[in-house]
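Accompanying notes for the structure given below.
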Amino acid sequence: MNEFAIIWDWMEFAARWLHVITAIAWIGSSFYFIALDLGLRKAPNLPTGAHGEEWQVHGGGFYHIRKFLVAPEAMPEHLTWFKWESYSTWLSGAALLMIVYWAGGELYLIDQNKAELVLWQGIVISALSLTIGWLVYDFLCKSPLGGHPTLLMLLLFALLVAMGWGYNQVFTGRAMMLHLGAFTATIMTANVFFIIMPNQRIVVKDLQEGRTPDPKYGKIAKLRSTHNNYLTLPVVFLMLSNHYPLAFATEYNWLIAALVFLMGVTIRHFFNTSHAHKSPPYWTWLVTAILFILIMWLSTAPLSQSDLEDAETREMTTTEQVFAAAEGFSEVTDIVMGRCSMCHAREPGYDGIHRAPKNVLLETPTEIAAAARQIYIQSGVSEAMPPANVSWMEPEEREAIVAWFKAANS
């Protein structure tokens, strides 16, 4: 079990690494094609059906790119599909969500101060909410609203704000941000899997069988691709937010998330307009700055965390009881209280620390038992905590942490 804790931590690292790599590939190709599409120029002697062309230089060579608005007259001999970047990003993200927020749900997912849920109930809410979000969004897109892109975007924004608020009623602030990001990313990947790729396959099949492709499939795919373009930056913010308690651990974290979605629109509007060779809308810089200032102001609201008195009287879960009953727990509690709690407190006493790192609190035996695996990895197996060993944790104390964790898993 002790070795498994180390292996599990490396699995999380590997999943996170893969997720970042695939996300870079997906976002890079997505942004590139949006910029390419907006930058196409009319030119003489374009082939039949060609909408525009673009000359680009990169890597010591020149590229001549043409876009056919519906399809070329004949099926090309070589055709490159862009899909696995999206699929791999979602699959690796789903794996990471399961590793961190399902397997570690008692610490990171469930907030008993908001809703008295057992872990399996939180996992069910987590999984079902991602599916329901796509179904609602897809219904809206296929309704008559699909012909009104601006109104559709406003409804999508309202849906995202409502989901952020809803997640915050049952999950920790950290899990709320992450799940809102996963909710949005699920919509984006489902757009690729269920709409964009099938529509492109229909066009390809029509070409192969000598039929004239229907332009409606390209228009539908373009709408979904545009939504993905505006949702990308907020998703990146939400995925990074778990490192910053000022973003996820405040009373108005769901409002912060809502403003981030608006920032995603203003930032992408600036770049999309610039890529279209139009006058850059510099007013978006001011709007983005104002939105960010509002976010910083909202982050000064009281932290969303349990009172110390409530934490001291909270009944331990079954897992926490195992660690609390293990030999050495009393000694480890004294070690953590003396070496870690000056930072991991509701009111940190260490100079320069205003919020408990990642909002992990270690002020009560229950909280220490809940964070057993993190304490073992961060301060027992490794010397990551305390940072630079600022509180002078001794080697013998680290050995005591390891011995306690092993005793609990023996």
Side-chain angles (χ1 to χ4, degrees), residues 1-2 5-6 8-9 100 103-114 172-175 242-246 248-250 302-410:
M1 285 297 296
N2 310 305
I6 296 173
W8 191 257
D9 214 55
V100 177
E106 290 184 342
L107 180 63
Y108 293 127
L109 181 66
I110 304 299
D111 188 340
Q112 296 292 341
N113 297 295
K114 295 179 179 178
T172 65
R174 171 174 169 162
N242 68 92
H243 297 284
Y244 297 94
L246 281 174
F248 71 76
T250 63
L303 287 176
S304 296
Q305 55 190 16
S306 62
D307 294 329
L308 181 58
E309 183 178 348
D310 293 336
E312 291 174 334
T313 58
R314 179 175 71 81
E315 184 177 348
M316 288 188 179
T317 64
T318 301
T319 303
E320 292 166 353
Q321 290 173 9
V322 171
F323 285 103
E327 182 180 356
F329 179 66
S330 179
E331 181 183 0
V332 169
T333 298
D334 291 338
I335 293 170
V336 173
M337 292 288 192
R339 306 297 188 185
C340 310
S341 294
M342 71 283 290
C343 294
H344 290 279
R346 287 158 180 78
E347 296 181 5
Y350 193 86
D351 290 342
I353 302 293
H354 304 291
R355 299 285 192 277
K358 293 194 176 183
N359 203 36
V360 174
L361 303 172
L362 300 173
E363 292 187 285
T364 70
T366 300
E367 291 171 342
I368 293 171
R373 189 172 70 87
Q374 288 70 30
I375 294 170
Y376 170 67
I377 295 294
Q378 301 285 339
S379 300
V381 177
S382 73
E383 297 183 3
M385 292 291 164
N389 204 19
V390 293
S391 60
W392 304 99
M393 182 176 286
E394 300 290 343
E396 294 79 10
E397 294 174 321
R398 297 186 188 278
E399 292 172 3
I401 290 173
V402 172
W404 160 65
F405 190 84
K406 289 183 177 180
N409 289 286
S410 60

Worked verdict on Val360 versus Gln374 for side-chain contact (heavy atoms from CB on, under 4.5 Å): CA-CA 10 Å; Val360 174; Gln374 288 70 30; over 6 Å; no
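- Contact of the Ile375 side chain with the Leu362 side chain is registered, since non-hydrogen atoms from C-beta on lie closer than 4.5 Å.
- Formation of a donor-acceptor pair under 3.5 Å by the Arg174 side chain with backbone atoms of Ala249 is not found in this model.
- Using a 4.5 Å heavy-atom threshold, the side chains of Met337 and Ile368 count as touching.
- Between Ala345 and Ala356, the shortest heavy-atom contact is O-CB, 3.7 Å.
- Atom-to-atom distance recorded for Asp9:CG and Gln378:CD is 7.0 Å, nearest 0.5 angstrom.
- In this structure a side-chain-to-backbone donor-acceptor pair under 3.5 Å is missing from Asn359 to Arg355.
- Between Tyr376 and Ser379, every side-chain heavy-atom pair lies at or beyond the 4.5 Å cut-off.
- Trp8 approaches Ala103 most closely through the heavy-atom pair CZ2-CB, 3.4 Å.
- Atom-to-atom distance recorded for Arg314:CZ and Asp307:CG is 13.5 Å, nearest 0.5 angstrom.
- Across all non-hydrogen atoms, the minimal contact from Glu327 to Ala407 is O-CB, 3.9 Å.
- Judged purely by atom type and a 3.5 angstrom limit, Glu331 has no side-chain atom pairing as donor or acceptor with the backbone of Gly328.
- For the atom pair Thr172 OG1 and Leu109 CG, the distance stands at 6.5 Å (nearest 0.5 Å).
- To the nearest 0.5 Å, the span separating CD on Glu312 from CD on Glu367 amounts to 8.5 Å.
- By the 4.5 Å heavy-atom criterion applied to side chains, Arg339 and Glu394 are counted as neighbours.
- Between Val332 and Phe405, every side-chain heavy-atom pair lies at or beyond the 4.5 Å cut-off.
- Taking 4.5 Å as the limit, some side-chain heavy atom of Phe323 sits within range of a side-chain heavy atom of Asn409.
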Trace of the side-chain contact (heavy atoms from CB on, under 4.5 Å) decision for Asn389 with Arg398: CA-CA 11 Å; Asn389 204 19; Arg398 297 186 188 278; 3.4 Å; yes
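- A donor-acceptor distance shorter than 3.5 angstrom exists from the side chain of Gln321 to the backbone of Met316, with no hydrogens or angles considered.
- Not a single donor-acceptor pair under 3.5 Å links the side chain of Trp404 to the backbone N or O of Ser330.
- No more than 12 heavy atoms of other residues, nucleotides or ligands shown are found within 6.0 angstrom of CD on Glu309.
- Using a 4.5 Å cut-off on side-chain heavy atoms (C-beta onward), Met342 and Ile353 make no contact.
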Worked verdict on His344 versus Lys358 for side-chain contact (heavy atoms from CB on, under 4.5 Å): CA-CA 9 Å; His344 290 279; Lys358 293 194 176 183; over 6 Å; no
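- Met393 has its side chain within reach of Ile401: a pair of non-hydrogen atoms, C-beta onward, lies under 4.5 Å apart.
- For CD of Glu383, the number of neighbouring non-hydrogen atoms (other residues, nucleotides, ligands) closer than 6.0 Å is 12 at most.
- Closest approach of Cys343 and Pro357 over heavy atoms only: O-CD, 3.7 Å.
- Rounding to the nearest 0.5 Å gives a distance of 8.5 Å between CD of Glu320 and CG of Leu107.
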